[in-house]
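Please read the structure below before turning to the comments.
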Amino acid sequence: MPFHDDLLEKRQQLMQLGINPYPYSFPISHTLTEIREKEAELLEKDIAIAGRVTALRRQGQKVFFADVEDFDNRMQVYLKQQDFSDPVWQSILLLDIGDWVGIKGPLFKTKTGELTIWTKDFSILSKCVIRVPISKEKGDKKYYQLSDAETLCRQRYLHWITDKKARDVMVARAKILSTIRRFMENKGFLEVTTPTLELSYGGASARPFETTIHALSQEKAYMRISPELSLKRFIVGGFPKVYTICQNFRNEGIDRSHNPEFTMMEWYEAFTDYNYQMEQFEQLVSMLAKEVTGSYKVLYQDIEIDFTPPWKRMTILDAIKEIGKVDVNALSDEELKKKVHELDPKYHIIEPFSRGHIIDFLFSTLCEEHMVQPTFIIDHPLAISPLTKKKRGNPELVERFEPFVMRMEIGNAYSELTDPVEQYERLKQQREFDADSMEKEGTVHHPVDMDFVKAIGMGMPPTGGVGLGIDRIVMLLTNQHSIRDVIAFPLLRREE
RNA sequence: GGGGGCAUAGCUCAGUGGUAGAGCAGCAGCCUUUUAAGCUGUUGGUCGAAGGUCCGAAUCCUUCUGCCCUCACCA
């Protein structure tokens, strides 16, 4: 058992005193924050509060002070032997840091001026049997604060218990989600649910998690890598404005901006294109910044990010030309190959030669690290965008944008491809391309989802579609360095 | 997958070849308005795991495990 003997002993002692250390309820009259807000009106009045004990200051066997913390505040309570019957006082002496308690009594101020509750009625609400390493603090300084990164991730509850800032990240995350929902509802969008478990996968390029379905004769199945194909079926079905907020699962690398399971928001709006959606995107994200931080200008790791719309827009070719100093259009295939080889001798140039893939490589190698302030990179090559309409006036490009902030791609959007015949051809091309590069380790063979092609075949109106990476937005708006810090329970290797 | 770093008491950390330490927490006391409470005493560790070098290893070497950073992969 992981429990501590001395605390188990105290649990037993409480029971022997006739006290249930795990009672059923405790009605509170106020949260601690409410008490501080209504201090003047509540002084000398009886109140009932509950929280976790974070500090004990004993004055002999007859009186002591404790600090109690609830979700967002802390309050001192005062306990004196004369106020209690013998068994209750015995139970009070068994208190430990980490226990949950319920306190009833009048609010008063000590002679040092600290707001305190004079406990007249004491209840243990939960006896901990594992010691909780709560830090000590004076003013803003914290002492002995739990800081082992691994423990903070593996035992997130302990992170939350010991660090209010960790709880605040979750609050900000929830606020981002509710703000998004309000924004979308105001614009008349319908929130829909798409399947997590699918017999086919698509809508992105990624290696899926695989499983089998017993009820379907061990049929192979996959975890969703993107909700895109499902949402487009809604559009075909006659829902003009739909969105979803869901988990996507990609069986790929883990680092500070990638978790195998992450939260995505995607929306599709009929009769609009990517130009319109770029404005929607910057409007939504800047609003999130304002809601969460109070300003369009957000400090992230010592850099001020300015989310004020409109954001900078650059075509991917201009970015490579201006930032990377490579003018792709002025170079022949052979010259491009040479350039790529200079930049990365190990880069595997696939056959048949695809300028589109080279452009993508050049952007990520030469430009991505410079994408600090919010910037839309637009008009990507056709070859790397199989679900996107061709750019008006340039059939080698597509109408697509990827917003970058702090070197991270925080979204992806298109004027969605709606021509079913072209869609079928493009998906087949992608599959053939995959087959060609299968030898490269980790390459995924993307199936052609024929039911999706069938859906498009029945007529899909012009549509703008947008994806937004929720976890990365939370990182940016809460100044967290790693995606792990904004995901409550990130994936870690099994502990032995 | 490559390179670098870290792993010592419940927590925060010292300890670079010679008997495993401190503060906090815990335990036993003193203290009836304290607040990182204070004071006295005290329990607690296969030094991440396994192997090796050595008279002797927390410390040096090898392997393994986990975490962090970084590069690669991830259109």
Side-chain angles (χ1 to χ4, degrees), chain A residues 2-7 9-10 54-67 74-83 96-98 108-116 118 128-154 158 161-162 204-207 225 250-260 316 344 346-348 350 354 356-365 380-388 400 402 409 412 430 433-434 437 440-444 446 481-482 484 490 492-496:
Chain A
F3 308 137
H4 293 156
D5 290 340
D6 56 328
L7 297 175
E9 172 63 27
K10 289 182 184 178
T54 58
L56 290 169
R57 292 180 290 280
R58 293 208 163 134
Q59 298 283 312
Q61 293 297 310
K62 292 181 178 159
V63 60
F64 67 91
F65 292 89
D67 284 345
R74 190 177 274 225
M75 183 73 61
Q76 177 170 264
V77 302
Y78 178 63
L79 299 114
K80 196 175 175 185
Q81 184 179 24
Q82 286 112 284
D83 296 325
D96 282 284
I97 288 170
F108 78 108
K109 275 196 175 174
T110 63
K111 67 184 182 190
T112 57
E114 174 151 356
L115 203 59
T116 303
W118 191 312
C128 61
V129 293
I130 296 175
R131 209 158 284 293
V132 185
I134 292 175
S135 64
K136 299 206 167 216
E137 56 185 77
K138 182 181 191 179
D140 291 339
K141 283 189 192 160
K142 293 216 169 197
Y143 301 82
Y144 320 115
Q145 170 132 31
L146 183 66
S147 62
D148 177 61
E150 188 177 349
T151 306
L152 296 179
C153 269
R154 282 194 198 278
L158 192 47
I161 290 170
T162 56
S205 175
R207 191 195 295 211
I225 61 172
R250 298 186 184 174
N251 208 342
E252 286 164 7
I254 301 177
D255 62 35
R256 59 169 283 268
S257 61
H258 294 84
N259 193 62
I316 192 167
D344 180 3
K346 282 179 288 181
Y347 183 80
H348 175 72
I350 37 98
S354 157
H357 287 84
I358 299 298
I359 289 167
D360 189 55
F361 164 80
L362 290 173
F363 178 79
S364 55
T365 307
H380 298 64
L382 181 89
I384 57 169
S385 316
L387 299 161
T388 313
R400 173 178 180 183
E402 286 183 308
E409 182 190 332
N412 191 14
Q430 184 196 24
F433 170 78
D434 287 345
S437 50
K440 208 173 126 192
E441 201 188 338
T443 304
V444 185
H446 280 77
H481 176 70
S482 166
R484 273 186 317 270
L492 290 187
R493 216 176 282 271
R494 189 181 301 281
E495 192 178 22
E496 286 308 324

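First the proteins, then the strands, lettered A, B, ... as listed; each starts at 1.
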Short side-chain N/O contact from Arg493(A) to OP1 or OP2 of G66(B), under 4.0 Å: yes

Distance below 4.0 Å between Lys136(A) side-chain N/O and A37(B) OP1 or OP2: yes

Rounded C1' spacing from G21(B) to G2(B) in Å: 38 Å

U34(B) pyrimidine/purine six-ring stacking with Phe65(A), under 5.5 Å and 30°: yes

Sugar-phosphate only, base, or nothing, as touched by Ser147(A) at under 4.0 Å among non-hydrogen atoms: sugar-phosphate

Sugar-phosphate only, base, or nothing, as touched by Phe363(A) at under 4.0 Å among non-hydrogen atoms: nothing

N/O (side chain, Arg494(A)) to phosphate O (OP1/OP2, C67(B)) under 4.0 Å: no

Asn412(A) and Arg400(A) side chains, donor-acceptor separation under 3.5 Å: yes

Arg256(A) side chain vs His481(A) backbone, donor-acceptor pair below 3.5 Å: yes

Base partner of C6(B), which must satisfy Watson-Crick or wobble distances under 3.5 Å: G66(B)

N/O donor-acceptor pair under 3.5 Å between Thr116(A) side chain and Glu114(A) backbone: yes

Counterpart base for G38(B), defined by Watson-Crick or G-U wobble contacts under 3.5 Å: C30(B)

